[in-house]
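Protein chains get the first letters and strands the later ones, always in sequence-line order, with residue 1 at the start of each.
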2 protein chains.
Amino acid sequence: MSNAYNRPDQLSPELRRRVLDTARRLGYPGPDPVARSLRTRKAGAVGLLLTENLSYAFRDPAAIGFLEGLALACEDAGTGLLLVPANPEREDVASVHRAGVDGFVVYSVPDDDPHLAAVLERPVPTVVCDQPDLGTVDRVGIDDRGAMYELAKHLISLGHRRVGVVCMRLARDRNDGFVTAERQHAAHFHVQRNRLSGLAEAFSEAGVDWSQVPVVERFDHNMASGASGAAQVLDKDPQITALVCTSDVLALGAMTEAARRGLRVPHDLTVTGFDGIREAEAAGLTTVRQPVLEKGRAAGKLLLDSNERSRPRSVNLATELIIGKTSAAPRGGAEERWFGP
Amino acid sequence: MSNAYNRPDQLSPELRRRVLDTARRLGYPGPDPVARSLRTRKAGAVGLLLTENLSYAFRDPAAIGFLEGLALACEDAGTGLLLVPANPEREDVASVHRAGVDGFVVYSVPDDDPHLAAVLERPVPTVVCDQPDLGTVDRVGIDDRGAMYELAKHLISLGHRRVGVVCMRLARDRNDGFVTAERQHAAHFHVQRNRLSGLAEAFSEAGVDWSQVPVVERFDHNMASGASGAAQVLDKDPQITALVCTSDVLALGAMTEAARRGLRVPHDLTVTGFDGIREAEAAGLTTVRQPVLEKGRAAGKLLLDSNERSRPRSVNLATELIIGKTSAAPRGGAEERWFGP
DNA sequence: TGAAGTGACCGTAACGGTTCAGAACCAATT
DNA sequence: AATTGGTTCTGAACCGTTACGGTCACTTCA
């Protein structure tokens, strides 16, 4: 039977035809993929776990780029891509247990996410992306810390000393407001933690007391968050000359808030982002470009040819500092601001 | 055993603990999802089939919106979403046979796509989207024909009589060039066929000989196609006053070509799109807005509560004609063009 | 004291394929 | 006639789980 469908050379054409005929006559719908998977121990799909609601993957430009790259790797291998629903609100990891996949890609979830723990318990190869190196599974990412350090050096060389920061969520709990040094240091999101730490290091080296720098966190990642975060920072210290955002989306939001306040970018305020999404390029944003598509593709490749016996691999992709037209030297003295718009 | 994991109430806490303990000691990785699926006849995932390479889904704005809506419906139901790799170049439908899913959503594939045929043979509920009503499975879509008819009426009322068209691929074979009446009529993509037919009807009613209207087809769907398609139409008949594109992406590309030629939109040339994507709104494009996200969500909902015994449902969502700033009455006489730039 | 009732626990039969060993068959060689 | 070799075909084991019915001990009530 199975042979008739999958191994035509194993039997005579006549028998094959007869088998297939009666199969059709009996209304047999063809081999059941699940039963086949059980026997062959191959699901023909890889699972993708992300920190956010499933639909978030289609709203965030960087996530979309990552997905596109991952999808490219999958279709090259003829593998399906299963988006695993992992509601971050609930601790329900059943969806991870239920996923019939040959491996997992985990994209930017908090270190202590129960879904991640559930994935690691599954006896299938796993690639984590934008996560700390666990030592036990493959990893792909960038040098977030170094890239942000370089961006900060750029701002410092322009003369910025009084800055503010808007960052994405740092942990699973919602904290829309200022961030303590404590919380910065203990952030559960690898990416955010390292970007902040790169910033802190560069500015500390330049003699800035980092503990005095206003850092505002936003749970939701969209332009509105960037705008309101920027507002909160600017309210706290109107004299900052540069606003560093840990993502382009936040930075684009911050730009709208600056415009709303009549602050000209970069003349009155320097704004920087991170990611290098298309919209940022169009806006001429100073940012760090990271190869999101390549990241997805690399993750897929790593997963799909994981030789059981190779030690966990760790891949760092290159980033590029993009100096756009949203960064410039600060205006003369801060007191000038009194005569500003 | 199974009970220890899934049915804590069926056994004493003490035994449960003991079972789980020894399971851990023996290195038992938890119940196998594939075997579970086989037994329970539930895969916990729905499959998505689209006409293009998998990664296309993440490049096309309308497809992204659809996916987001579908993902929303899935996460509401706690279901996974499996992207089925269906390379349109190859006739290989194995990926459809291999997909362990509880149902399929088919999004905008050609009528004669072998993958679609393979899906229909699978004994699982299916929802087709942007496809003709097959009568046997659920369908969700819009009134492409009516919406385009309405758009055409708008152009006609502005005074346009000499127009050109750039459309997306009409069949599985690549035909980057002019389209015969034959090919328009026999188009295998339901959406394109109906949009063209709505156009043809409206303009025919207005006394235009549709067989003389230049219609250009592009296989790849991106802005570059829109630009080159516009170029081809304008080369053929420089005197057209309006360029109708069957998607916003094509229209945005057409706008760049118009700009390159020094044609001011809408003063020298009216350009219209279809879909109502964000970028079109930003550009002030005259277009038909369709609720792509709702379409995805509706498809998911339909699939996820498909009562076995209900007759196939057909859902048409409402569209809205958006009159932007890329459409206006044609300039005086066409001969004026001779003094143009 | 015995019958009936209640839980907790256990054993087994599918689920629907794939795989592989070996049976059956036929032809050719010794 | 018996051995060998090769091909085609059949049957059974296995993949790992869940559903279900049955056993067993223990309680309750007449």
Undergrad: Verify the distance criterion only: is there a donor paired with an acceptor across the side chains of B:Arg139 and B:Asn316 at less than 3.5 Å?
TA: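 Judged by distance alone, the side chains do pair up.
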Undergrad: Quick one: is A:Tyr28 getting a side-chain N or O under 4.0 Å of the C:dG17 phosphate, OP1 or OP2?
TA: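 A:Tyr28 to C:dG17 OP1/OP2: side-chain N or O found under 4.0 Å.
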Undergrad: What protein N or O atoms touch nucleotides 19-26 of chain C N or O atoms at under 3.5 angstrom, if any, and at what distances?
TA:
| from | atom 1 | to | atom 2 | distance (Å) |
| --- | --- | --- | --- | --- |
| C:dT19 | OP2 | A:Arg7 | NH2 | 2.6 |

Undergrad: Hey, is the side chain of B:Arg36 poking within less than 4.0 Å of OP1 or OP2 on D:dT18, counting only N and O atoms?
TA: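 It does, given that an N or O in the side chain of B:Arg36 lies less than 4.0 Å from OP1 or OP2 of D:dT18.
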Undergrad: Find the distance B:Leu38:CG to D:dC14:C1' and express it as a whole number of Å.
TA: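 It is 12 Å, rounded to the nearest whole Å.
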Undergrad: Take the C1' atoms of the five end pairs on each side of the helix from C:dT1-D:dA30 to C:dT30-D:dA1, derive the two axes, and give their angle rounded to 10 degrees.
TA: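 Computed angle between terminal axes is 70°.
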Undergrad: Rounded to the nearest Å, what distance is computed from the CZ atom of residue A:Arg98 to the C1' atom of nucleotide D:dT18?
TA: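 The answer, rounded to whole Å, is 14 Å.
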Undergrad: Indicate the atoms forming the closest heavy-atom contact of A:Val315 with A:Leu302, along with that distance.
TA: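 Minimum heavy-atom contact is CG2-CD2, 4.1 Å.
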Undergrad: Please list all pairs meeting salt bridge (Lys or Arg N to Asp or Glu O under 4.0 Å) that have one or both residues in residues 107-129 of chain A, counting only residues at least two apart or in different chains.
TA: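 Found A:Asp111-A:Arg193, A:Asp112-A:Arg172.
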Undergrad: Taking atom P of D:dC15 as reference, at what distance in whole Å does atom NZ of A:Lys42 sit?
TA: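 Rounded to the whole Å, the gap is 16 Å.
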Undergrad: Going by side chain to side chain donor-acceptor pair (under 3.5 Å), name the pairs with one or both residues in residues 61-77 of chain A, residues two or more places apart or in two chains.
TA: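 Non-adjacent pairs meeting side chain to side chain donor-acceptor pair (under 3.5 Å): A:Glu68-B:Arg59, A:Glu75-B:Ser55.
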Undergrad: Can you list the residues that meet the side chain to side chain donor-acceptor pair (under 3.5 Å) rule with B:Arg98, with sequence neighbours excluded?
TA: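 With neighbours one apart ignored, the set is empty.
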Undergrad: Name all residues meeting the side chain to side chain donor-acceptor pair (under 3.5 Å) criterion together with A:Gln192; count only those two or more places apart in sequence or in a different chain, and write none if there are none.
TA: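 Side chain to side chain donor-acceptor pair (under 3.5 Å) check on A:Gln192 returns A:Thr246.
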Undergrad: State which residues pass ring-ring contact (aromatic ring centres under 6.0 Å, His included) with A:Phe58; sequence neighbours excluded, sorted by chain then number.
TA: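 For A:Phe58 the ring-ring contact (aromatic ring centres under 6.0 Å, His included) partners, ignoring immediate neighbours, are B:Phe58.
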Undergrad: For D:dT17, does OP1 or OP2 lie under 4.0 Å from any side-chain N or O of B:Arg41?
TA: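 B:Arg41 to D:dT17 OP1/OP2: no side-chain N or O under 4.0 Å.
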Undergrad: When the distance from CZ of B:Arg18 to C1' of C:dC10 is rounded to whole Å, what number comes out?
TA: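 In whole Å, C:dC10 C1' lies 12 Å from B:Arg18 CZ.
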Undergrad: With sequence neighbours excluded, tell me which residues meet salt bridge (Lys or Arg N to Asp or Glu O under 4.0 Å) with A:Arg25.
TA: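 Counting only residues at least two positions away or on another chain, A:Arg25 forms no salt bridge (Lys or Arg N to Asp or Glu O under 4.0 Å).
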Undergrad: For B:Tyr107, which residues count as a ring-ring contact (aromatic ring centres under 6.0 Å, His included) partner, sequence neighbours excluded?
TA: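 B:Tyr107 satisfies ring-ring contact (aromatic ring centres under 6.0 Å, His included) with B:Phe66 only.
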Undergrad: What is the distance from CZ of A:Arg16 to P of D:dT8, rounded to the nearest Å?
TA: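 Checked: the CZ to P distance equals 14 Å.
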